[in-house]
Amino acid sequence: MYYFDYASTTKPSPKILDLYLKLSNDIFFHPDDTNKSGKLMNEAKNIILSSLQLNNTYDVVFTSGGTEANNLAIIGYAHNFTSKKHFITSSYEHSSVYSSFKYLEKQGHEVTYLKINKDGLVDLEQLEASLQANTVLVSIMAVNNEIGSINNSQQIKMIINNYNSKIVYMSDVVQAVSKVEYDYTNLDIMTISGHKLYAPKGIGAVVYKKEIILKNTIFGGAQQDGIRPGTICPIASVTLAYALKLEMANLKQTISHTTKLVNTFVDFIENSSKAHLNVTPMGPVVSVNFTTKALSESLIAVLNNMDIYASTRSACSKKLNVRSRTLQSIGLSNDQIDKSMRFSFSHNTTVEELNYLIQKLEHVLEIY
């Protein structure tokens, strides 16, 4: 299989699978019945914080994945307010973020959705102009999952603090960790997902400053201080932490490798008369999004028959059968969106695999 859809999901690394199996055999008892589980959870939290270069002013709540983490971070924070407040996000957030803010609007809160410029970045002038006296949270993704553009956390934090340093700055960093260098110290709340960084599916986390109060969005016991009730899986939490540690330790090598792959692929697209880049990559990105002259679903089907796998949009939007908000936000027409594809790369991607992709894709594009 020739896999070029790492922005959708990653294959768990062998070391992490070995760890998962070992812990599953050694620690199978109910986590609420032993102190050993508590120690493992604390170890996992400390590893996550140190891997992101955060200090002990932050805490971690484990969730079932990135979607629940985003819901908990946004709605859990909004539950602190009895009066209606103002929130700011972007128009191209992941569906779990976007839908959470749509929910808050239904509850009577006001939400501003920032525009995206031609480079795929949030409009910072609009951000500055949108801040108001009752703004309580700004949520802007670190790296876009479809076009790979990287928002600058330092600039965003500076704009927020210049207006009111009490406004909380949240970021969905699911596509940043293990892929690009990013300054997480500017963030008050951030969310991660295990299956995007070579850990098993079904585990994610909210990392947040301890001074911030998050209220539970599901109901049950008092696990994780009542913020996220439900039986904890220490094994999944530990594997998430160690996967993050492993990937962050090798980040520079990963960036060096994926940058070479992306540059080669971008050169191929730029020199093709049959394809056009939707956003020119700026910096070390792992995703390349481009438009062709044929319907992307047809091209994907043809490539699948060649054992090549990529995507037409965010994996979480496919079942909704809706056009990409990300591509709409950068000004693409419906026709262009229907003819767009995304290829994303990894440290697992080899030069030989990329050469095979380019050879086959060039042939397919000529036919169509």
Side-chain angles (χ1 to χ4, degrees), residues 48-49 51-61 63 66 69-81 85-94 96-101 103-105 109-117 120-145 149-177 179-193 204-215 217 227:
I48 288 173
L49 295 182
S51 297
L52 298 177
Q53 297 187 336
L54 301 173
N55 57 33
N56 61 7
T57 62
Y58 287 82
D59 204 350
V60 180
V61 169
T63 65
N70 283 327
N71 277 251
L72 175 58
I74 296 164
I75 300 173
Y77 183 67
H79 280 343
N80 285 298
F81 306 100
K85 298 296 181 182
H86 176 239
F87 297 80
I88 298 175
T89 189
S90 78
S91 59
Y92 72 170
E93 294 292 320
H94 185 271
S96 59
V97 171
Y98 190 79
S99 298
S100 293
F101 283 110
Y103 169 80
L104 292 186
E105 283 187 297
H109 295 289
E110 179 187 358
V111 181
T112 297
Y113 297 90
L114 302 176
K115 296 177 181 179
I116 309 303
N117 64 27
L121 302 174
V122 164
D123 186 332
L124 296 182
E125 290 185 1
Q126 187 191 6
L127 168 61
E128 189 171 13
S130 299
L131 293 164
Q132 53 193 51
N134 67 335
T135 304
V136 294
L137 177 73
V138 174
S139 179
I140 298 173
M141 68 194 328
V143 177
N144 184 268
N145 52 311
S149 50
I150 306 170
N151 286 300
N152 189 310
S153 65
Q154 185 175 2
Q155 289 180 334
I156 294 170
K157 183 66 172 177
M158 186 180 303
I159 290 171
I160 295 171
N161 282 353
N162 285 343
Y163 184 86
N164 182 355
S165 61
K166 292 183 179 180
I167 296 173
V168 170
Y169 174 23
M170 174 200 157
S171 186
D172 172 351
V173 301
V174 165
Q175 296 288 343
V177 290
K179 297 177 176 69
V180 302
E181 289 187 306
Y182 207 72
D183 189 350
Y184 301 98
T185 62
N186 291 314
L187 309 176
D188 301 312
I189 307 176
M190 65 209 81
T191 52
I192 60 177
S193 177
V206 181
V207 183
Y208 64 103
K209 286 185 176 178
K210 290 179 179 178
E211 64 198 48
I212 294 171
I213 298 174
L214 296 178
K215 295 191 175 181
T217 55
I227 299 173

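Note: hydrogens, waters and symmetry copies are ignored here, and every other heavy atom, side chains too, is used.
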Query raised in the report: Is there a side-chain contact between I156 and N186 (heavy atoms, below 4.5 Å)?
Result: no
Report task. Decide side-chain hydrogen bond (donor to acceptor under 3.5 Å, both in side chains) for Q132 and T135; before the verdict, give the C-alpha distance in whole Å, the side-chain angles of both, and the deciding distance to 0.1 Å. Result -> CA-CA 5 Å; Q132 53 193 51; T135 304; 4.9 Å; no
**Report entry** Spacing of OG1 belonging to T89 relative to CZ belonging to F101, to within rounding of 0.5 Å
**Finding:** 4.5 Å
Query raised in the report: Are L137 and F81 close enough that some pair of their side-chain heavy atoms sits under 4.5 Å apart?
Result: no
**Report entry** Closest contact, heavy atoms only, M141 versus E93
**Finding:** N-OE2, 2.8 Å
Query raised in the report: What pair of heavy atoms forms the shortest contact from H86 to S130, and how long is it?
Result: CE1-O, 3.2 Å
Query raised in the report: Side-chain contact, heavy-atom cut-off 4.5 Å: L52 with M190?
Result: yes
Query raised in the report: Per the ring pair (Phe, Tyr, Trp, His ring centres under 6.0 Å) rule, which among F87, Y103, Y113 passes with Y98?
Result: Y113
Query raised in the report: Once you round to the nearest 0.5 Å, how far does CG of N134 lie from CD of E110?
Result: 6.5 Å
Report summary line: Closest non-hydrogen atoms of Y208 and I189, given as atom of the first, atom of the second and distance, are CB-CG1, 4.1 Å
Query raised in the report: Does the side chain of V177 come within less than 4.5 Å of Y184's, by heavy atoms?
Result: yes
**Report entry** Identified side chain to side chain contact (heavy atoms under 4.5 Å, CB included) counterpart of V173 within the set L187, V180, T191, V143
**Finding:** L187
Query raised in the report: If we only count heavy atoms from C-beta on, is the L49 to N56 side-chain gap below 4.5 Å?
Result: no
Query raised in the report: Do any N or O atoms from the side chain of Y163 and from the backbone of A129 form a donor-acceptor pair under 3.5 angstrom?
Result: no
Report task. Please determine which of L131, I159, D188, V136 meets the side chain to side chain contact (heavy atoms under 4.5 Å, CB included) test together with I167. Result -> L131
Query raised in the report: With a 4.5 Å limit on heavy-atom distance, are the side chains of D172 and S139 in contact?
Result: no
Query raised in the report: CD of E125: more than 12 outside heavy atoms within 6.0 angstrom?
Result: no
**Report entry** Any N80 side-chain heavy atom under 4.5 Å of K215 side chain
**Finding:** yes
**Report entry** Closest heavy-atom pair and its distance - T217, L72
**Finding:** OG1-CD1, 4.1 Å
Query raised in the report: If you look at every heavy atom in I150 and Y182, which pair is closest and at what distance?
Result: CG2-CE1, 3.8 Å
**Report entry** V174 side chain near N145 side chain, heavy-atom distance below 4.5 Å
**Finding:** no
Query - Pairwise distance CG(L214) to CD1(I74) - rounded to 0.5 angstrom - result: 11.0 Å
Query raised in the report: Is the number of heavy atoms from other residues, nucleotides or ligands under 6.0 Å of E105 CD greater than 12?
Result: yes
Query raised in the report: Can you tell me how far the OG atom of S100 sits from the CD1 atom of I75, to the nearest 0.5 Å?
Result: 4.0 Å
Report summary line: Closest heavy-atom pair, S153 versus D183, reported as atoms and distance to 0.1 Å, is OG-O, 3.1 Å
Requested in this report: Could you tell me the separation between the CG atom of L54 and the OG1 atom of T185, rounded to the nearest 0.5 Å?
Outcome: 7.0 Å
Requested in this report: Give the intermediate values and the outcome of side-chain contact (heavy atoms from CB on, under 4.5 Å) for residues I116 and V122.
Outcome: CA-CA 5 Å; I116 309 303; V122 164; 4.0 Å; yes
Query raised in the report: Does NZ in K210 sit with more than 12 non-hydrogen atoms of other residues, nucleotides or ligands closer than 6.0 Å?
Result: yes
Query raised in the report: How long is the gap from CD1 on I88 to CD1 on I140, to the nearest 0.5 Å?
Result: 7.5 Å
